[in-house]
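Order of listing sets the numbers, starting from 1, for every ligand and every atom in it.
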Amino acid sequence: MQGVVSKNYRELEFHQAVLEVVESVMPVVLATPAYQDAKILERLVEPERVIMFRVPWIDDRGEVQINRGFRVEMNSAIGPYKGGLRFHPTVNLGVLKFLAFEQVFKNSLTTLSMGGGKGGSDFNPKGKSDNEVMWFCQSFMNELFRHIGPETDIPAGDIGVGAREIGYLFGQYKRLANRFSAVLTGKGLEYGGSLIRLEATGYGAVYFAREMLATRGQSVEDKVAAISGSGNVAQHTAEKLLQLGAKVITLSDSAGTIVDQNGIDEEKLAWVMELKNVRRGRIRDYAEKFTGAKYLTDTKPWGVPCDLAFPSATQNEIDRNDAETLVNNGCICVSEGANMPTAPEGVDIFLENKILYGPGKAANAGGVAVSGLEMAQNRGFLHWPRDEVDQRLQQIMHAIHENCVKYGKNGDFVNYVQGANVAGFVKVADAMLKQGVV
Ligand code: NDP
Ligand code: 2IT
């Protein structure tokens with residue numbers, strides 16, 4: 001860890017992600033001399049390649065703007081680099097290295113053949129016109145296109161990159177490469193996208209919660225759920241929870257939280273989707289639209305009593321206090337739609353209190369898993385029906401849960417952090433061993 005900290009100066013999120021994995025897998029590494037001789041851990045923390053580039057573009061007023069673009073190609077031991085693109089002002093190399101590192105183990109858990117990568121830019125899509133977003137995406141792809149390919153590196157969406165951005169990125173790739181290839185996932189259904197990819201991360205996080213609850217003879221039905229965020233993952237977590245009979249009482253964005261003790265039903269959720277995906281508005285409007293709902297400025301949802309929590313916004317959104325509040329208010333299950341949303345001190349609280357805690361690399365793996373299914377369909381020139389993709393997603397989330405139990409069971413308690421880290425690690429480490437020092 002000392003080496004990681006000094007060599008990756010000030011990349012705090014990257015240190016955090018590495019430390020958590022190292023703590024989990026150390027007993028396995030110590031028990032396996034071959035891993036030590038081959039310096040598997042030392043190699044895992046060094047990206048195979050990092051690409052960093054200038055993204056110049058011209059805004060609607062004619063002013064030149066410059067952003068920074070990145071792609072972190074972390075590990076390709078078990079498949080081509082795979083992982084999303086994030087467009088958000090907080091994006092920097094350290095954040096993308098943490099996300100790429102997490103992606104390596106997450107993708108390993110999916111049971112599919114995908115290595116780990118992540119990319120993005122400090123571009124802020126908020127308040128930009130569709131044209132500005134298009135110019136930016138085209139300029140971003142002008143450099144990225146030479147580094148990606150269906151057998152090399154296949155990006156997808158993440159924060160700030162949804163259907164609109166993937167469309168513009170795909171269009172520019174196709175134009176530059178003169179090839180209609182499966183180089184991105186999350187594509188529109190008209191041009192090679194898969195049914196259920198849009199919904200997959202949120203649905204998967206609920207399926208994972210269902211698996212965890214079943215180990216204690218419980219179900220999602222009639223439970224009260226708090227969700228953070230109001231983007232892709234939060235919306236489809238809410239949708240699946242409603243289908244399974246839970247009551248959803250919160251959503252949020254970076255400015256605050258709405259609490260609706262009457263429940264956010266299908267109709268209200270459809271309104272939120274239109275607000276967020278079409279009008280690109282703020283969640284605070286919900287409280288003005290629906291009587292009985294309140295808006296809490298600058299507040300996260302974790303103070304609202306709930307049975308189930310689905311952090312679905314961003315990293316480190318649950319600190320020690322939030323975790324204590326959740327547990328003290330009776331929360332029995334946390335399933336992470338976001339990547340690393342719980343700070344290490346919060347994770348300790350969940351584990352000490354032995355609640356059902358599903359870390360992001362297991363609980364939100366449904367998104368990238370269906371990306372893998374999109375790639376499989378593209379390879380076969382096929383388009384599977386909605387039910388078939390959904391069934392496969394449920395099977396994958398079940399398999400991930402089983403694997404976490406296999407490596408994380410300790411007496412009658414399952415430590416899903418340990419389970420996910422060790423299960424994800426072993427497959428990648430064994431592949432690296434077999435491929436020699438590369
Ligand atoms: P979206 O851009 O669709 O939505 C992001 C949501 O999170 C918005 O409500 C946004 O609020 C909020 N948010 C973003 N940054 C912050 C912040 N710093 N503080 C508070 N709230 C914030 O992204 P997704 O729903 O796709 O992603 C959400 C999380 O899920 C991320 O952690 C992502 O890495 C993870 N994830 C996504 C997958 C996918 O398939 N899309 C797959 C697996 C994980 P605001 O509008 O105010 O910015
Ligand atoms: O964090 C993630 O797993 C994603 N943003 C989805 C990645 C993908 O390639 O679908």
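Put simply, the side chain of Trp302 does not reach to within 4.5 Å of the side chain of Thr257, judged on heavy atoms. With contacts defined as side-chain heavy-atom distances shorter than 4.5 Å, the pair Ile249/Asp260 does not qualify.
Residue contact check: Ser230 has heavy atoms under 4.0 Å from atoms 9 (O) of ligand 1. Atoms of ligand 1 lying under 4.0 Å from at least one heavy atom of Arg86, given by number and element, are 31 (C), 32 (O), 33 (C), 34 (O). Against a heavy-atom cut-off of under 4.0 Å, Gly229 is close to the following atoms of ligand 1: 9 (O). Atoms of ligand 1 found under 4.0 Å from any heavy atom of His88 (numbered from 1 in listed order, with element): 15 (N). Below 4.0 Å from some heavy atom of Ser252 lie the following atoms of ligand 1, by number and element: 9 (O). Listed by atom number, the atoms of ligand 1 under 4.0 Å from Ile159 heavy atoms are 2 (O), 23 (O), 27 (O), 31 (C). Using a 4.0 Å cut-off to heavy atoms of Ala338, the atoms of ligand 1 that qualify are 29 (C), 30 (O), 32 (O), 35 (C). Here is the list of ligand 1 atoms found below 4.0 Å of a heavy atom in Lys126: 45 (P), 46 (O), 47 (O), 48 (O).
The protein heavy atom nearest to atom 29 (C) of ligand 1 is Ala313 O, 3.2 Å. The nearest protein atom to atom 6 (C) of ligand 1, hydrogens excluded, is given as Gly231 N, 4.0 Å; this is a heavy-atom distance. At the top of the distance list for atom 37 (C) of ligand 1, counting protein heavy atoms only, stands Val233 CG2, 3.5 Å. When only non-hydrogen protein atoms are considered, atom 36 (N) of ligand 1 lies nearest to Gly337 O, 3.7 Å. In terms of protein heavy-atom proximity, atom 2 (C) of ligand 2 is closest to Lys106 NZ, 3.2 Å. Annotation: atom 40 (O) of ligand 1 to nearest protein heavy atom, Thr201 OG1, 2.7 Å. For atom 10 (O) of ligand 2, the nearest protein heavy atom (residue, atom name, distance) is Ser371 OG, 2.6 Å. Scanning all protein heavy atoms for the shortest distance to atom 7 (C) of ligand 2 gives Gly84 N, 3.5 Å.
Using 4.0 Å as the threshold, Gln315 has no heavy atom nearer than that to any atom of ligand 1.
Counting heavy atoms closer than 4.0 Å to ligand 2, residue Val370 contributes nothing at all.
For a threshold of 3.5 Å applied to N or O pairs, the pair formed by Asp253 and ligand 1 contains no separation below that value. Note: no N/O pair closer than 3.5 Å links Asn364 and ligand 1 by distance alone. Residue contacts with ligand 2: Ile154 is placed with no nitrogen or oxygen under 3.5 Å of a nitrogen or oxygen of the ligand (distance criterion only). Taking any N or O of Arg282, backbone or side chain, at least one lies under 3.5 Å from an N or O belonging to ligand 1. For ligand 1, the polar-atom distance check finds no N/O of Ala255 at less than 3.5 Å from any of the ligand's N/O atoms.
By the 30° and 60° cut-offs, the orientation of the rings of Phe123 relative to Phe136 is parallel.
Between Phe180 and Tyr191, the distance from one ring center to the other does not fall under 6.0 angstrom.
With Lys82, Lys118, Arg197 as candidates, the residue nearest to atom 6 (C) of ligand 2 on a non-hydrogen basis is Arg197.
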